[in-house]
Structure formats: C-alpha cells, structure tokens
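Down below is the structure, laid out as structure tokens.
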Amino acid sequence: MSIKITLPDQSIREYAGLITPNQVAMDISPRLADSAIVAEVNGKLVDMSYSIQSDSSLKIHTFSSAEGKEVYWHSTSHLMAQAVKTLFPNVKVTIGPSIENGFYYDFDRVESFTDEELLKIEEKMQELSRENIPYTRKEICRNEGIKLFQDLDEPYKVEILEGIPENETLTIYTNGNFTDLCRGPHIESTGKVKAFKLLKTSGAYWRGDERNKMLKRIYGISFPTSKELKQYLSDLEEAKKRDHRKLGKELDLFSVADEIGGGLILWHPNGSLMRNIIEQYWKERHWDSGYQLVTTPHIGKAELWQTSGHLGFYKEGMFAPIEVEGQEYYLKPMNCPFHIMIYKNSMHSYRELPIRLAELGTVYRYERSGTLHGLMRVRGFTQDDAHIICMPEQVNDEVERLLLFSMEILKKFGFKDFQIYLSTKPEGSVGAPEDWTMAENALRKALNAQGFAFEVDEGGGAFYGPKIDIKIKDALNRSWQCTTIQFDFNLPERFKMEYIGPDNQPHRPYMIHRAIFGSMERFFGTLIEFHAGNFPVWMCPTQVMVIPVGENFEAYAKEVQAQLKKLKIRAEIDTASEKIGYKIRDAEMKKIPYMLIVGQKEMESNSVSVRRHTHGDMGMIPVAEAIQKIQEEIESSL
RNA sequence: GCUCAUGUAGCUCAGUCGGUAGAGCACCUCCUUGGUAAGGAGGAGGUCACCGGUUCAAAUCCGGUCAUGAGCUCCA
C-alpha cells in the first residue's frame with residue numbers, strides 16, 4: 001500500500017523532519033498500514049518511511065536522515081536474510097540491525113560465507129529486489145510468536161522471545177518467504193532497495209558475549225541510487241590509500257618487527273624526526289603554560305601498583321611482573337602513580353597550587369593480540385601525560401585553561417572539526433557525589449564559556465571521575481579520539497595526597513589527568529590519515545628538495561641549499577644521475593612540499609623554479625623570494 | 001583470546017596439475033648530463049614465515065606454531 005501526500009515546498013533532502021498527522025492529508029490508520037509511503041514533493045515522487053512517535057504523530061524519514069538510513073539499511077538486511085534463507089535454508093537467522101554505515105546480519109552456520117557465496121547472495125538479492133516484494137507488518141502476541149518461530153525452526157528468535165514479558169505485543173515483518181521478529185519500521189518493498197553491496201564477512205558472538213557461540217556475520221551497505229553507492233565505495237578506497245600503515249611504509253616512517261613483537265613500534269629516521277619536532281613543540285608549549293616537565297622510570301614495585309589499585313582492577317592490562325631480589329616489579333601501564341610520588345616527596349602549601357606535572361611517559365599495556373592495529377592500538381606507547389593537582393576553587397579556571405590549551409595545540413596540526421563529549425557519573429563510581437557534581441559542572445561550564453558544542457554521555461565517565469573527550473573529524477568524516485581530560489577522585493585518596501591550606505590544616509587536593517595527543521603513536525597515526533601523508537610544512541622531515549637539472553648546476557644547488565639551511569629549513573639536494581622527471585617523481589612520491597629546480601636560467605638570474613607538492617609548477621622566482629615564501633608557510637602555523 | 005583470510009626478494013606481486021623460484025620498483029656498476037611524475041645496459045639479492053607430516057619429490061597437500069589483515073570480544 002502506498003499513499004501520496006504532498007509536502008510543503010521544501011527540497012527533498014531537507015525534508016526529514018517531523019510531520020504531524022494533520023499534515024498527512026489522509027485517513028489511514030498508521031498502525032495497520034505499511035510503514036512506508038510515497039510522498040509527492042514538488043511533483044516528484046519520493047520513497048519515504050515513517051515511524052510512529054509516542055505522541056502518535058508520524059515521523060517521516062527520507063534516506064538523508066539518520067532514521068531514514070536506519071530504516072533503509074535495516075530493510076536491506078531483511079532482504080539479505082531472505083536471500084540467504086532462500087539459498088541456504090538450513091542456516092538459522094539471529095539478528096540483523098542497521099549500523100553506523102550499513103547493516104549486518106548474523107547467521108548460525110558451520111562454514112563461513114565465501115566470497116563466491118557472497119556474490120551469489122548479492123545476485124539473489126537483485127532478483128528479489130526486481131520482484132518488488134512488499135514488507136508487510138503484523139502484530140502478534142509473545143506466545144504466538146514463540147509458536148511461529150518454533151514452527152519455522154528458528155531457535156534464536158525463540159530465545160529472544162522467551163526473554164520478553166508474556167503479555168507483550170510484538171511485530172513481525174514478512175518479505176516473501178522470510179519472516180522476522182522486528183520492531184520496524186521498514187520501507188515499502190524490496191524493489192526500493194536499488195544499490196547495495198555486501199562488503200565483508202566475519203565472526204561475531206551470539207549476543208556479543210565471547211562465551212557464546214561464534215556466528216557468521218555478513219556486512220553490507222545500500223543506497224537509493226547507484227551514484228551514492230559508488231561515492232561510498234570510492235570513499236572506502238580513499239580511506240585505504242590514507243591508511244597510516246600503508247603510508248608509514250611508503251614514507252619510511254615506522255615499522256614493527258616480528259622479532260621484537262606486535263604492537264611495539266620502531267620509529268624510523270623520518271618518523272622519528274617528525275616525532276621529535278612534535279615533541280619539541282609540545283614541550284615548549286608546556287613550559288610556557290605553567291607545566292613542570294618530569295621524567296620517571298618505566299617500572300615500579302608491586303607495592304606501588306597495590307596502592308594505586310591497578311593490581312586490583314587493571315591487572316589483565318599489565319605485563320607479567322619481573323622478579324628481582326625477591327621483589328616484583330611491573331612495567332608501568334600508567335604514569336599517574338609516579339607523578340603522585342613526585343608530589344608526595346615534599347609538603348605542599350596551598351600557595352603552590354595548582355601544580356602541573358607533565359611527561360612524555362612511555363607505558364606498556366598488555367593488549368590482546370587480536371586488538372593490535374598499526375599505531376592506533378599498540379602495547380608500548382608514549383602518552384603526553386599531565387596531572388594537575390589543585391584546590392577545589394581552582395578547578396573551574398584549570399579546566400577552562402586546559403580546554404583552550406588543548407584546542408590551540410590541536411589546531412596547530414591542522415585539525416578544525418572537533419566532536420566533544422562530556423561523560424558523567426557511572427554506576428559504582430568512587431568519590432563523594434558533591435565532588436562529582438562540582439567536577440561535572442566545572443567541565444560543563446568551561447565548555448559553555450568557550451561556546452563549544454558537546455554531547456553528554458550520561459554515565460559514560462570512568463569510575464573515578466567525569467571527563468571530556470575530544471575527537472577529531474577528518475575529510476572522510478571519520479573521527480579520531482585524542483584529547484581526554486579526566487577528574488580523578490580515586491588516586492588522591494589512595495595515595496593520601498595532601499596540601500596545607502590557609503587554615504594550617506591538611507586538605508585533599510583535586511587531581512585532573514589529561515593527555516592532548518593521547519599517545520604519540522596514535523596521534524601520529526591520526527596525523528598521517530588526516531593529512532593523507534601531506535603534512536603541514538613545519539613538521540615535514542624534508543621540507544625542500546633542491547633539484548639540479550644537470551651536474552653543472554650542483555654547485556649552485558648547494559648554494560641554494562646552504563641558504564635554506566641557514567634558516568633552519570630542512571633542505572636536501574638530489575644529485576642522482578637521473579633525468580629531472582625522475583627526480584621530480586621521486587620527490588612527489590615522498591610528498592616533499594617544496595621542490596626547487598635549478599638549471600642554466602635559474603643560475604644566471606639567481607632564481608629557482610618552484611614546484612609545490614600537489615600544486616605542480618609555480619614558475620621561476622628569485623631565490624630570496626622563494627625562501628621567504630617557504631618561511632612564511634612554515635611560520636604561518638607557528 | 002575467538003571466527004575467517006593471508007604469509008614467496010627491502011617493497012608490490014606472479015608462480016597452472018606437487019618436479020627445490022619469477023617480474024616490476026628499490027639497491028649496486030657502467031653509459032647517459034637532462035627542464036617538471038619512471039633514459040639505457042648489466043649485476044647482486046630468496047632455507048618460499050617457522051616446525052613437523054605425507055610423498056621418489058613440497059612454495060604448492062595435511063597438522064601445529066608465529067605474525068599480519070577484517071571483524072568479534074576487550075579497551076582507564
């Protein structure tokens with residue numbers, strides 16, 4: 001059943017909002033109708049789906065809205081399940097929701113789905129889409145449902161139903177020979193699923209629990225037009241090209257060695273140079289901003305980790321202890337206890353606070369082998385860690401400073417789009433409720449004062465304190481977590497940290513953990529993917545490649561290089577016995593930002609021909625002008 | 001850790017039916033001295049991840065281990 005409605009004069013894309021029943025000019029009973037309609041917008045027919053809101057109004061979705069995508073993808077997942085059940089009748093279905101990008105369906109089957117089978121399933125889906133089978137909705141009670149799915153021999157559905165209260169009414173959706181327990185809504189019919197692709201298969205635990213059976217999952221994506229599908233697939237390709245592991249190899253930045261171990265990073269000269277440049281900048285900014293930089297060991301005795309509580313609640317994340325002279329030592333998974341020990345080494349007056357201790361501290365964590373991923377998830381990494389120890393009345397100021405400081409540093413690296421999350425008190429937290437309230441308010445206040453938009457993750461805080469997380473968004477709309485600002489009500493208590501107040505009495509200070517990059521490894525990986533290897537000039541390992549056209553011009557090239565080096569610009573010279581085209585290709589592939597080509601005419605006029613990476617030939621200009629231009633670009637981000 | 005896939009030269013990859021290895025790039029030498037993304041010739045480079053099994057014979061088939069990848073689970 002499809003209904004024609006006329007929507008106000010708005011573009012299709014914009015029109016995904018709430019429509020009240022009286023705007024839908026018809027006398028349908030939504031509960032009985034298909035949950036899909038066709039709307040006429042500016043004379044064009046548009047497929048839409050709706051869901052019924054709690055106030056019994058209708059919410060109309062087009063594909064451009066998040067809900068619309070959900071409905072569309074979820075419907076595609078039912079189509080896929082229909083295809084799978086048709087081709088492999090013995091496979092048992094479980095669940096198949098839409099996800100952030102597309103959908104999946106988990107099946108119980110002994111064998112995995114092969115690529116050939118995936119293609120067959122796709123073909124069957126095409127066929128079923130051409131048949132344009134309606135998705136029909138039906139309400140049933142729980143016990144009817146159990147009976148139905150027992151008859152269909154779908155034990156997983158029966159299990160789900162058995163977990164639902166007796167008298168609850170449920171909905172089932174049917175497309176052709178496939179019936180699924182489902183809340184809906186769905187689109188009108190399988191013919192509306194125009195462009196889709198099954199992307200990959202994997203294992204997944206039933207109900208997400210690793211003690212349960214491993215099911216076989218198929219992931220897919222779909223769009224109303226093949227153009228959108230093509231765009232999506234080309235974005236995936238682009239993401240592959242930007243993969244920091246691929247670029248890390250191509251640009252000779254880092255590696256991991258089997259002989260050393262997974263998740264342990266070797267920083268090559270180029271990567272290391274960049275890391276040193278980044279660290280140098282980080283240190284200078286911290287020194288300038290009232291931080292005291294400290295250095296602490298990589299291991300500590302069991303007693304320390306007992307006091308900090310890590311041996312109680314974080315032991316699985318730590319490497320096994322090293323025994324020396326009957327004492328157990330652990331590799332540090334965190335820097336906090338060390339910074340706390342520095343604080344506790346002497347008495348502190350309230351006049352000294354806030355104390356801000358910062359360190360590029362290398363920690364080691366045991367991550368399960370399957371979770372390691374390039375630079376993003378490793379077993380040894382360096383956090384740009386700091387602990388701010390302050391009085392309650394200083395908290396607001398500190399958080400606000402911190403937020404500004406973090407943003408300033410992130411922007412330096414070319415990041416512009418941020419997503420900010422505030423995570424609040426979870427179940428089973430430690431610390432006084434009034435401390436939590438105060439800390440949450442301080443975080444909220446700082447965000448509001450700076451006019452930063454943020455989302456609240458209720459109950460998403462760590463057990464020891466609320467936090468702000470900042471994620472970076474890249475050109476492909478992917479987000480990368482780096483900055484985190486966390487209150488800690490646990491460690492000051494455990495370590496009995498104190499300061500002497502104006503009342504000459506000891507008081508417990510507040511402590512804030514924070515990392516701006518998160519870790520050098522992950523941040524570097526993020527930088528690589530964000531810039532696709534085309535880094536801002538100030539941090540490039542080689543900023544300029546001077547390319548003499550022939551060996552007669554090498555002396556002049558060296559002169560140019562010397563002038564650049566005098567200004568601390570990292571300039572190299574390519575004297576290979578190759579044609580200029582070869583040298584340019586080489587420099588382009590190394591993504592060196594500036595290439596200065598010198599030959600007869602440049603030498604005669606004391607000039608260089610400038611070629612900018614990704615921009616091409618910029619023409620011949622005097623050396624001094626070229627150098628000034630390069631320097632300006634370097635300094636513009638300083 | 002779990003499921004599945006993969007592992008051949010520094011890199012990217014061929015290698016059919018089981019007969020102990022190939023290409024391009026990179027590297028080295030020589031020639032070439034050039035004008036905006038690969039000039040030419042030659043050379044060197046491999047215990048086919050590792051261990052075991054089947055076989056007259058294993059890069060190839062089987063088992064195990066390790067590593068990597070995609071997910072799952074985990075993630076202070």
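So that the names make sense, note that chain A is the first sequence line, chain B the second, and so on, each numbered from 1. The figures here come from the full heavy-atom set of this structure, side chains too, leaving out hydrogens, waters and symmetry mates.
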For nucleotides [N] and [M], find the distance between their [atom1] atoms and express it as a whole number of Å.
N	M	atom1	result
B:U60	B:U8	P	13 Å
B:C75	B:U36	C1'	49 Å
B:C2	B:U73	C1'	8 Å
B:G40	B:C25	P	8 Å
B:G35	B:G42	P	25 Å
B:U32	B:A70	P	49 Å
B:C48	B:G18	C1'	14 Å
B:A59	B:U20	C1'	9 Å

Expressed as a whole number of angstroms, how long is the span from [X]:[atom1] to [N]:[atom2]?
X	N	atom1	atom2	result
A:W206	B:U3	CH2	P	19 Å
A:D469	B:C75	CG	C1'	13 Å
A:D209	B:U3	CG	C1'	15 Å
A:E250	B:A26	CD	C1'	13 Å
A:K216	B:U73	NZ	P	15 Å
A:D108	B:U3	CG	P	15 Å
A:F113	B:A5	CZ	C1'	16 Å

Walk me through it: do A:E633 and A:R612 pass the test salt bridge (charged side-chain N to carboxylate O under 4.0 Å, His left out)?
CA-CA 12 Å; A:E633 183 168 351; A:R612 181 72 233 262; 3.0 Å; yes

Pairs under 3.5 angstrom only: tabulate donor-acceptor contacts from the side chains of residues 572-579 of chain A to other protein residues two or more places apart or in another chain.
residue	atom	partner	partner atom	Å
A:D574	OD1	A:A576	N	3.0

Less than 4.0 Å between a side-chain N and a carboxylate O, is that true for [Y] and [X]?
X	Y	answer
A:E238	A:R242	yes
A:D209	A:R211	yes
A:E588	A:R585	no
A:K467	A:D469	yes

Should the ring pair A:F517 and A:F523 be called parallel, tilted or perpendicular, given that the plane angle runs from 0 to 90° and is split at 30 and 60?
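A:F517 vs A:F523 ring planes: parallel.
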
Which class fits the ring pair A:H513 and A:H387: parallel under 30°, tilted 30 to 60°, perpendicular over 60°?
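Answer is perpendicular, since the angle exceeds 60°.
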
If you define the side chain from C-beta out and look only at heavy atoms, does anything of A:F319 sit under 4.5 Å from A:R379?
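Yes - at least one pair of side-chain heavy atoms lies under 4.5 Å apart.
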
Pairwise N/O distances under 3.5 Å, protein to nucleotides 44-46 of chain B:
none

Within the 4.0 Å heavy-atom criterion, would you say A:R377 contacts the bases, only the backbone, or no part of the nucleic acid?
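Here A:R377 touches the bases of the nucleic acid.
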
What's A:M595 touching, base or sugar-phosphate or nothing? Going by heavy atoms closer than 4.0 Å.
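Since no nucleic acid heavy atom lies under 4.0 Å of A:M595, the category is nothing.
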
Salt bridge (Lys or Arg N to Asp or Glu O under 4.0 Å): pairs with one or both residues in residues 595-607 of chain A, sequence neighbours excluded
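Qualifying pairs, neighbours excluded: none.
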
Could you note down all residue pairs passing salt bridge (Lys or Arg N to Asp or Glu O under 4.0 Å) where residues 330-343 of chain A supplies at least one of them, sequence neighbours left out?
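Checked against salt bridge (Lys or Arg N to Asp or Glu O under 4.0 Å) - neighbours excluded - the pairs reaching residues 330-343 of chain A are A:K332-A:E359.
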
Under 6.0 Å between ring centres: does that hold for [X] and [Y]?
X	Y	result
A:Y330	A:Y314	no
A:Y105	A:F103	no
A:F338	A:W305	yes

Between the protein and nucleotides 10-12 of chain B, list the N/O to N/O atom pairs that are separated by less than 3.5 angstrom.
residue	atom	partner	partner atom	Å
B:U12	OP1	A:K249	NZ	3.0

Who pairs with [X] by side-chain contact (heavy atoms from CB on, under 4.5 Å), at least two apart in sequence or on another chain?
X	result
A:D243	A:R245, A:K246, A:E529
A:T201	A:F113, A:L118, A:I218
A:A320	none

Tell me, which stems hold RNA chain B, with a stem being 3 or more Watson-Crick or G-U pairs in a row and both distances under 3.5 Å?
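Stems found: B:1-7 with B:66-72, B:10-13 with B:22-25, B:27-31 with B:39-43, B:49-53 with B:61-65.
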
Along nucleotides 34-39 of chain B, 5' to 3', which nucleotides get a B, which get an S, and which get a -, given that the test is a protein heavy-atom distance under 4.0 Å?
BBBBBB

Counting primed atoms, P, OP1 and OP2 as sugar-phosphate and everything else as base, the B/S/- map of nucleotides 65-72 of chain B against protein heavy atoms under 4.0 Å is --SSSSBB

In Å and rounded to the nearest 0.5 Å, what is the OH to CD1 distance from A:Y594 to A:I547?
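Those atoms lie 14.5 Å apart.
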
Just verifying a value: how many Å separate A:L564 CG and A:E559 CD, rounded to the nearest 0.5 Å?
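Interatomic distance, A:L564 CG to A:E559 CD, rounded to 0.5 Å: 12.0 Å.
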
Tell me the closest heavy-atom pair linking A:W436 and A:A462, and the distance in Å.
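Looking at all heavy atoms of both residues, the shortest contact is CH2-O, 3.2 Å.
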
Using a strict heavy-atom distance below 4.0 Å, which residues from residues 301-312 of chain A are in contact with RNA chain B?
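The answer is A:H310.
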
